[in-house]
S.K.: 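There's a structure below that I have some questions on.
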Amino acid sequence: MQDDVILKISNLSKSFGPVKALRGVDFELRKGEIHAVAGENGAGKSTLMNVIDGILQPDSGEIILDGAPVTISSPTEAQRLGIGFVHQEIALCPDVSVAENIFMSRTNVSRSWLMNYEKLERDAANVFRRLSDIDASVLLRELSISNQQLVEIAKALTLDCRILILDEPTAALTENEAQTLFRIMRELADQGISIIYISHRMVEILDNCDRVSVFRDGKHIVTSDVADITPGDVVNAMVGRIVDKLYPEKQSADETSEEIILDVKNLNEGPRIRDVSFALKRGEILGIAGLIGAGRSEIARGICRLEGAATGEVWLLGEKLALRNYQDSIAKGMVYLSEDRKGDGLFLDLPISENVSALNLDQVANRLGLIRASSEISQAGDLGRKLNLKCGSLSDPVSSLSGGNQQKVALAKMLSVNPRLIFLDEPTRGVDVGAKSEIHRILRDLARSGVGIIVISSELPELIGVCDRVIVVREGRISGEVAGHDMTEENIMRLASVMDAQAVSF
Ligand SMILES: Nc1ncnc2c1ncn2[C@@H]1O[C@H](COP(=O)(O)OP(=O)(O)OP(=O)(O)O)[C@@H](O)[C@H]1O
Ligand SMILES: [Mg+2]
């Protein structure tokens, strides 16, 4: 074993019933390196990390820490060994303060029954200041997802660990927050801390990591210095075939139509939605861009009546809608795929099949109104095949799926109502490159078949790659629109950012 190898995994296997999540995996982590782990959804990345953190016990294989074999029996044991873990899904308590969340894992160590809240808040604020300007005394549930993610990261940073595992930490962060995180990661690495960094974003891996290991189908495929590998090599190792085209064809000139699917006129709701008007034509995919917090989701949620009571007119296929709530919206065929799959997207403890049919119980119920499990399964099976869903059985709970596959279940749930219009909020967050292009192709096919598609995304390459036209939102109002060759990252950023001269004058 090389001197600078701090953690070595050898020939490790782990199955969940018939699913072989890890098959004879080898992995080495050096002192002070940032080591990226890449692989398609379901490749086994999180499973391996759960083993390293003592959440899961391997079926066979060895974990060698500092040259000696160890058994990591629990996360507490892992923490004692100096291993910290930022989970892919936010695992915090919504009803206690940010400070308490950050120090939660510590308080069970403390002997005093009464916790010293003031000290907690002060310490939390110290850790936090480096990452953001969030007030550590507010309740966690009052924070946005991106801020909750920062709390999760801050929590791990307080643990004085030697090995820090970050499982897709930037999926919910803004570009600036992500850059701050990368700076902190490099400082920690320079201090000798070893970091395992899981991400589906190639640029992040290539720009910020020292080495990358690629996994496929539970197997370790390759480990390489980042300097010696191209993005194409990584993608090919991930999917096991050559991927030449990431995005589907755009709408062609002879596919354009004047038929309007959605027409929004003067939508207003306090400061969050300000006089928003736009139209979606048949066959086109419309993107909504903007900085996080600019009001992109609010507009979609306002139109679908998921929240608030926006005024203005919404016309769907020539009919003026008078929606009272989201149920009415679904009944009209207008659905919203949430960016928060845990909060309002999916029921994690319920079977995949029940999740898929959750919006659409009429289709799977018999004449007495009882739900037929067999219809649920066959409907979920059809959609699952279309979306290339990777799972053991459709009656397994959604929580047993990898992150990206959970996203596909959320999408299948929307498709099950045969919608006329779908708003997709960050539809490919946490989804691997292969499945991502699969989802994009499905969106294009749906648009061609006449379903209205509106995509909200923080990933500009995705919007530019998928959409025919993009509207940009800033501070609740539409600040501009780009299409065709004008659809560039620079143009969109300029319209989205407050730096623009116009936005400074109120
Ligand atoms: N608790 C569990 N019960 C049953 N199957 C599981 C469980 N956890 C993971 N799996 C299965 O093991 C495989 C590997 O999953 P894992 O979560 O490690 O993938 P991943 O590489 O992290 O994917 P992603 O990029 O989507 O997060 C998947 O097929 C998954 O469905
Ligand atoms: Mg994962």
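We count ligands from 1, going down the list as the structure has it; atoms in each ligand are counted the same way.
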S.K.: Tell me whether Asp228 is salt-bridged to Arg211, with the criterion being a basic N under 4.0 Å from an acidic carboxylate O.
M.R.: no
S.K.: Are Lys413 and Phe347 in a cation-pi contact, defined as NZ or CZ under 6.0 Å from the six-membered ring centre and within 45° of the axis?
M.R.: yes
S.K.: Could you check whether Asp217 pairs with Lys390 (Lys NZ or Arg NE/NH1/NH2 to Asp/Glu carboxylate O, under 4.0 Å)?
M.R.: yes
S.K.: Ignoring waters, how many N, O or S atoms from the protein are under 2.8 Å from the Mg ion (ligand 2)?
M.R.: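 For the Mg ion (ligand 2), the figure is 2.
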S.K.: Among Val214, Val239, Val222, exactly one meets side-chain contact (heavy atoms from CB on, under 4.5 Å) together with Val234. Which residue is that?
M.R.: Val214
S.K.: Inspect the contact between Arg80 and Glu77 and indicate whether a charged nitrogen and a carboxylate oxygen are less than 4.0 angstrom apart.
M.R.: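 Yes, this pair counts.
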S.K.: For a side-chain contact (heavy atoms from CB on, under 4.5 Å) with Ile195, tell me which candidate from Leu164, Asn208, Ile163 qualifies.
M.R.: Leu164
S.K.: I'd like the residue list for ligand 1, meaning every protein residue with a non-hydrogen atom under 4.0 Å from the ligand.
M.R.: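 Within 4.0 Å of ligand 1, the protein residues are Phe16, Val19, Ala21, Glu40, Asn41, Gly42, Ala43, Gly44, Lys45, Ser46, Thr47, Gln88, Glu168, His200, Ser400, Leu401, Ser402, Gly403, Gly404.
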S.K.: Angle between ring planes, Tyr336 versus Phe423, binned at 30° and 60°: parallel, tilted or perpendicular?
M.R.: tilted
S.K.: Just checking, Lys14 and Phe16: is the charged tip under 6.0 Å from the six-membered ring centre and within 45° of the axis?
M.R.: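 Yes, Lys14 and Phe16 form such a contact.
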S.K.: Does Lys31 have more than 12 heavy atoms from other residues, nucleotides or ligands lying within 6.0 Å of its NZ?
M.R.: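 Result for NZ/Lys31: open.
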